[in-house]
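The block underneath contains the structure these notes are about, expressed in structure tokens.
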Amino acid sequence: MIIVTSEYGDVGLPAAMQDLHDGGSALDAVETGTRIVESNPEDHTVGFSGLPNLLGEVELDASLMDGRTLRAGAVGSLRGYEHAISVARKVMEELPHVLIVGEGAARFATEMGFEKRNLLTPEADRIWRERLEAEVPAERRGELRYREKMRELARLAVDPELASETVNFLALDRHGDIASAVSTSGWAWKYPGRLGDSPIIGAGGYADNRYGAAACTGRGEMAICLGTARSVIVYMKMGMSVEEACVEAMNDFEALQDPYAGGISIRAIDRDGRPAGASNREDRFLWYWQDDVDGPAKLPLVYVDTGH
Ligand code: ASP
């Protein structure tokens with residue numbers, strides 16, 4: 001049994017591992033770990049207290065996948081519900097669909113009995129406002145006229161220094177079942193309605209018991225264009241090790257001519273639970289926790305220069 005998570009997912013690791021110890025499934029464990037990150041008020045990039053879009057609205061994206069059945073559920077641009085990952089799971093379990101967005105996602109969350117919550121905290125609001133005000137000339141601020149020119153301001157969302165950090169969870173349970181989960185408030189100051197890779201199955205996350213699981217953080221547009229999470233799985237299917245597969249998926253970005261391209265990281269496990277990852281930024285790592293050891297350990301992601 002193993003749980004893997006991204007840099008800021010460590011707060012959810014103990015509860016996720018407890019789930020596996022208690023006989024919970026990989027799917028239960030990735031959901032449990034993700035929910036804790038979604039509730040963490042210190043984390044401004046996932047769930048409650050996430051940074052908002054250009055209009056000041058927090059919009060959440062999340063997906064999860066069951067590697068045993070290859071079924072998946074996802075929500076995008078979900079407003080007003082903290083646990084996007086649990087709504088995504090309900091999409092998988094209750095609807096004949098995979099991805100529900102915007103008002104439909106909120107309607108479905110209400111229908112499933114999820115509690116509504118204002119996700120914008122005063123601190124996240126302050127961070128959002130200060131940056132917008134720094135970018136908008138003083139004479140325009142009072143009128144909030146920047147709202148008319150949102151397209152010009154959407155470039156705020158691609159400043160690599162302000163890159164947010166989505167959370168990834170991958171798990172292998174005692175039955176050999178594998179699952180993936182991804183949750184995020186996406187890029188702050190994004191154009192309203194923008195979906196990143198997190199709710200796109202095959203881009204931000206993928207799980208298949210036969211080969212393993214993979215998930216991404218970073219500039220989601222890149223992972224969407226290259227189908228990154230599914231690529232890692234296919235490279236493993238073709239015989240690569242989990243580390244080789246992550247590096248190969250990272251190499252795929254070399255051909256990408258994206259004027260906004262930035263950092264992107266992949267974390268993965270193979271079907272035996274071996275973890276690995278790769279990133280085009282240095283000093284990135286993943287957390288992994290194997291059930292037979294007392295606590296989590298860090299594993300550096302292989303650095304790959306993609307030219308971005
Ligand atoms: N991948 C996420 C997105 O593009 C952002 C992130 O990982 O920080 O929405």
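Order of appearance sets the numbers: ligands from 1, and atoms from 1 within every ligand. Count residues from 1 along the sequence.
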Can an N or O of G218 be found at a distance shorter than 3.5 Å from an N or O of ligand 1? yes
What atoms of ligand 1 come closer than 4.0 angstrom to any heavy atom of T217? 7 (O)
Within a distance under 4.0 Å of any heavy atom of T166, pick out the atoms of ligand 1 and give their elements. 1 (N), 2 (C), 5 (C), 6 (C), 7 (O), 8 (O)
Flag for R267-S6: side-chain donor and acceptor within less than 3.5 Å: no
Among L195, V75, L78, which residue satisfies the side-chain contact (heavy atoms from CB on, under 4.5 Å) criterion with V101? L195
Check against side-chain contact (heavy atoms from CB on, under 4.5 Å), F108 and V91: CA-CA 8 Å; F108 176 67; V91 170; 3.5 Å; yes
Which ILVMFWY residues are connected to V30, directly or by a chain of links, through side-chain heavy atoms under 4.5 Å apart? M1, I3, V11, L13, M17, L20, I36, V37, V46, V167, F169, F285, W287, W289, V293
Partner set under side-chain hydrogen bond (donor to acceptor under 3.5 Å, both in side chains) for S231, not counting sequence neighbours: none
Per-atom filter on ligand 1: closer than 4.0 angstrom to a heavy atom of G186 are 9 (O)
Apply the side chain to side chain donor-acceptor pair (under 3.5 Å) test between T166 and each candidate in D61, D197, T45, T184; give the one that qualifies. T184
Proximal ligand 1 atoms for D197, defined as those under 4.0 Å from one of its heavy atoms: 1 (N), 2 (C), 3 (C), 4 (O)
Between E103 and R107, is the closest basic N to carboxylate O distance under 4.0 Å? no
Just jot down the ligand 1 atoms closer than 4.0 angstrom to any heavy atom of E165, in number order. 8 (O)
Does ligand 1 have an atom that lies less than 4.0 angstrom from a heavy atom of T45? no
Nitrogen or oxygen of E221 less than 3.5 angstrom from that of ligand 1: no
Among K190, R219, R194, closest by heavy atom to atom 4 (O) of ligand 1 is R194
T184 N/O under 3.5 Å from ligand 1 N/O: no
Counting only nitrogen or oxygen atoms and a 3.5 angstrom limit, does W187 reach ligand 1? yes
Apply side-chain hydrogen bond (donor to acceptor under 3.5 Å, both in side chains) to E123 and H44, showing your working. CA-CA 9 Å; E123 203 201 341; H44 292 309; 3.3 Å; yes
